[in-house]
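What follows is a set of notes on a single structure, which appears directly below.
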Protein chains: 2
Amino acid sequence: MATVRTGSNLSQIAASLGVSAATVSNALSGKGRVSAELAEKIRATAADLGYTPSLTGRALRTGRTGVLGLVLPDIANPLFPQIAQAIEFAASNAGYGVLIADSRGDVAMQTEAINRLIERDVDGIIIVPRRGTRIADIGCPVAVIDSPSTPGNTVSADHWQGGQAIVEHLASLGHRKFLLIGNNPASNVQNDRIGGMKSRLPEGAHADVLWIERHEQTHGKGSLLGLRQKADEGFTAFAAVSDLHALRALTELQRAGVAVPEGGSVTGFDDLIWSSAVTPGLTTVRMNMTEIAEIAIAALVRVIEADPVSSSGIPRTATGTVAAAGRPGVPMQLVVRQTSAPPPPINRA
Amino acid sequence: MATVRTGSNLSQIAASLGVSAATVSNALSGKGRVSAELAEKIRATAADLGYTPSLTGRALRTGRTGVLGLVLPDIANPLFPQIAQAIEFAASNAGYGVLIADSRGDVAMQTEAINRLIERDVDGIIIVPRRGTRIADIGCPVAVIDSPSTPGNTVSADHWQGGQAIVEHLASLGHRKFLLIGNNPASNVQNDRIGGMKSRLPEGAHADVLWIERHEQTHGKGSLLGLRQKADEGFTAFAAVSDLHALRALTELQRAGVAVPEGGSVTGFDDLIWSSAVTPGLTTVRMNMTEIAEIAIAALVRVIEADPVSSSGIPRTATGTVAAAGRPGVPMQLVVRQTSAPPPPINRA
DNA sequence: CTGAAAGCGCTTACAG
DNA sequence: CTGAAAGCGCTTACAG
């Protein structure tokens, strides 16, 4: 519908100048082969006519649509806004559009979502998988944003280092008894975060891990996590692998009369929208989504554009995954919102 | 890249059967003009060859890309996951893809985001504006999801009725002193919600409105809202126009030693992810996003497809906004998570 | 009922 | 340096 917009196309510019469409194309794309004066005249006319190229026409000719697909299997993912924004920004800067596909939380529907994108001729796909789902080799370049522990991963935050930053901070405040709160023991991301946290426990410190999924299997969905009792047992640092779990911990503690942060500190991950809205704010650690998105898009674009379209318009056959070999995770940044020292050990069990 | 995927196209099917591409096209699109037997044979061959049509080729010929744009000016909008999912689902069911565009929270960049979509030849655009930004008439069908109070609006939740449902529920529990918490007095959505709440105050009840934006202008960003004092003054119902504000209220009250819900009820809007994760859960009211998305997409599709492409491929000129005249908002549904009666009036000032 | 032709807008060898 | 031609894959009048 470029023609709807502007009413102008290559042929019209060509006609109005008495040159050929090919020359206009060459001039506009700066592919040389056109004298400076003529090129200038062509550009001026194009601007006059408000010409914008039809990406559809170009796509049909070149075999590239200039569109990337974004797949987030875990729909309700509260990181979605951050991710989508960063990806769209990076893609747009690289000259690509972003088509979304949703698998409605159903891992099995992931394939279907991907197929919808492929049918629309996307040049590449960005996937943010959940629970370490492996992405089958589809006939299209793919960038996976997950944890460095995920095979085939392209880029990710350094979740391990994020965990270290959290525990270092809590330890420096004086905390020695940590309750690490996770949701899903099968998640690479969560395991990296917890691993990092454990790796920085100070001398003589103690850490337990509370897996909510397991807890709810015995205590029922949405049940209390028993944090009051944990506090009574002397736990003072409640470090969750996500802000959502941190929020759950914070409100449960407050509801049970444990003052936060004086009676216990609560930390999360990802700096989601509510982390700064609650009282007290959550100490957390944030990903550099801008950089992660840039790396993912750059890797994808490299594969897409490195594979030259055959001169006769025969489409390229690029497939497979962008290699991530040895790429370190992108560092996470600590956001401190609670700075109280733990209560004196007198209170502890 | 359809050819990359499958290696098959119309001509190949045609060649392998000794018929013309036109006949294959007619058979596959069911446009009649082909004998039942031949059509069947063509379909079988297409399936054998794993044929999927090139949407790019089709787009160039028909002037329609089958892609819709989704614009959310308010990037960090926590409703984004819900909206994007519902829109993608409805669009996909209607045979359309969804391209996202982000204006990075900058209302001025909204136009630029829209232009990016138009350059990509989208057939229509769905906009979820914030702060009642008016959408200029772009040369492309538009559906606006906002409040019924927004001029040019296409479809929305019935925010007014949602507010009524909340207050009716609180009143039935016995609450008589309401603090209505909003953020932005210029928002149509918030005003509708607050208007609805006020319209259902029971006999002898009292309601104050706390606008956070104004409050922060004097007390500083992120400062406490003084809810403890409000509680002391006898307010027992803290009804926010969004779950985010409700969360802020809940944690501030808990932090200040006010038990929720025994000492005061907190309600929100939208049933965002954390509403069911906090302790106690937030009573809230949720939009029927599925239905809203369906209506928006249906309206858009009607305009797009009602405007026939000229036979010679001259593109249609459909423009303007889908009319919303007299369409009532889609009802919101109450989600009750707190059922305590207010504390006895003895405690009140 | 079926097929040959034209053309959507573009880009890329190729010829001049 | 410049232009005419071919063709990406499709669909739609039009002719047979």
Side-chain angles (χ1 to χ4, degrees), chain A residues 1-15 17-42 46 49 51-66 119-121 308-316, chain B residues 1-15 17-39 41-42 46 49 51-66 119 121 308-316:
Chain A
M1 311 211 322
T3 63
V4 172
R5 267 169 13 240
T6 66
S8 91
N9 59 27
L10 274 191
S11 320
Q12 286 168 24
I13 297 174
L17 283 166
V19 301
S20 78
T23 299
V24 175
S25 174
N26 282 326
L28 259 26
S29 65
K31 289 254 171 74
R33 299 139 117 175
V34 180
S35 67
E37 312 142 71
L38 181 53
E40 184 46 49
K41 214 155 46 169
I42 288 173
L49 296 177
Y51 171 75
T52 45
S54 158
L55 300 187
T56 302
R58 180 179 291 170
L60 187 56
R61 174 63 228 239
T62 63
R64 284 185 197 154
T65 55
E119 271 172 20
R120 293 208 174 265
D121 302 342
V309 174
S310 134
S311 62
S312 58
I314 295 170
R316 70 220 170 69
Chain B
M1 311 211 319
T3 64
V4 172
R5 263 166 20 238
T6 65
S8 91
N9 58 28
L10 274 191
S11 320
Q12 286 168 25
I13 297 174
L17 283 166
V19 300
S20 78
T23 299
V24 176
S25 174
N26 282 326
L28 260 26
S29 66
K31 290 254 170 74
R33 299 139 116 178
V34 180
S35 67
E37 312 141 72
L38 181 53
K41 214 156 46 170
I42 288 172
L49 296 177
Y51 171 75
T52 45
S54 158
L55 301 187
T56 303
R58 181 178 292 168
L60 187 56
R61 174 63 227 240
T62 62
R64 284 186 197 152
T65 55
E119 271 172 20
D121 302 340
V309 175
S310 133
S311 62
S312 58
I314 295 170
R316 69 220 172 70

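Note on naming: letters A, B, ... go to the chains in the order of the sequence lines (proteins, then strands), and numbering restarts at 1 for each one.
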Drop me the distance from B:T56's OG1 to A:R120's CZ, to the nearest 0.5 angstrom. 9.5 Å
Among D:dG9, D:dT11, D:dT12, which nucleotide sits nearest the side chain of B:N26? D:dT12
Give me the stems containing DNA chain C, sorted by first residue, counting only three or more consecutive Watson-Crick or G-U pairs with both distances under 3.5 Å; say none if there aren't any. C:1-3 with D:14-16, C:5-12 with D:5-12, C:14-16 with D:1-3
How long is the gap from CG on B:N9 to OG1 on B:T52, to the nearest 0.5 Å? 10.5 Å
What is the distance from CG of A:L28 to P of C:dG9, rounded to the nearest Å? 16 Å
Please check the phosphate of D:dG3 (OP1 and OP2 only) for any side-chain N or O of A:T23 closer than 4.0 Å. yes
B:N9 CG to D:dG7 P: how many Å, rounded? 14 Å
Quick one: which of D:dG9, C:dG3, D:dT12 gets closest to the side chain of B:S25? D:dT12
Rounded to the nearest 0.5 Å, how far apart are CG of A:L10 and CG of A:L49? 11.0 Å
Take the protein atom CZ of A:R61 and the nucleotide atom P of D:dA6, then report the distance between them rounded to whole Å. 13 Å
Nearest-Å distance, CD1 (B:I42) to C1' (C:dG3)? 12 Å
Tell me the interatomic distance from A:L55, atom CG, to C:dG9, atom P, rounded to whole angstroms. 13 Å
Residues forming a side chain to side chain contact (heavy atoms under 4.5 Å, CB included) with A:A22, sequence neighbours excluded: A:S20
Given C:dC8, C:dT11, C:dT2, which nucleotide is nearest the side-chain atoms of A:L10? C:dT11
Look at the side chain of B:L60 and decide which nucleotide, out of C:dT11, C:dG3, C:dC8, has an atom nearest to it. C:dC8
5' precedence on DNA chain C between B:A39 and A:A21 (nearest-nucleotide basis): B:A39
By nearest nucleotide on DNA chain D, pick out whichever of B:G57 and A:V19 is the more 5' one. A:V19
Point-to-point distance, once rounded to the nearest 0.5 Å, from CD1 of B:I42 to CG of B:L28: 7.5 Å
Picking from D:dG3, D:dG7, D:dT12, the nucleotide nearest the side-chain atoms of B:A22 would be D:dT12
So CZ of B:R61 and OG of B:S54: to nearest 0.5 Å the spacing works out to 14.0 Å
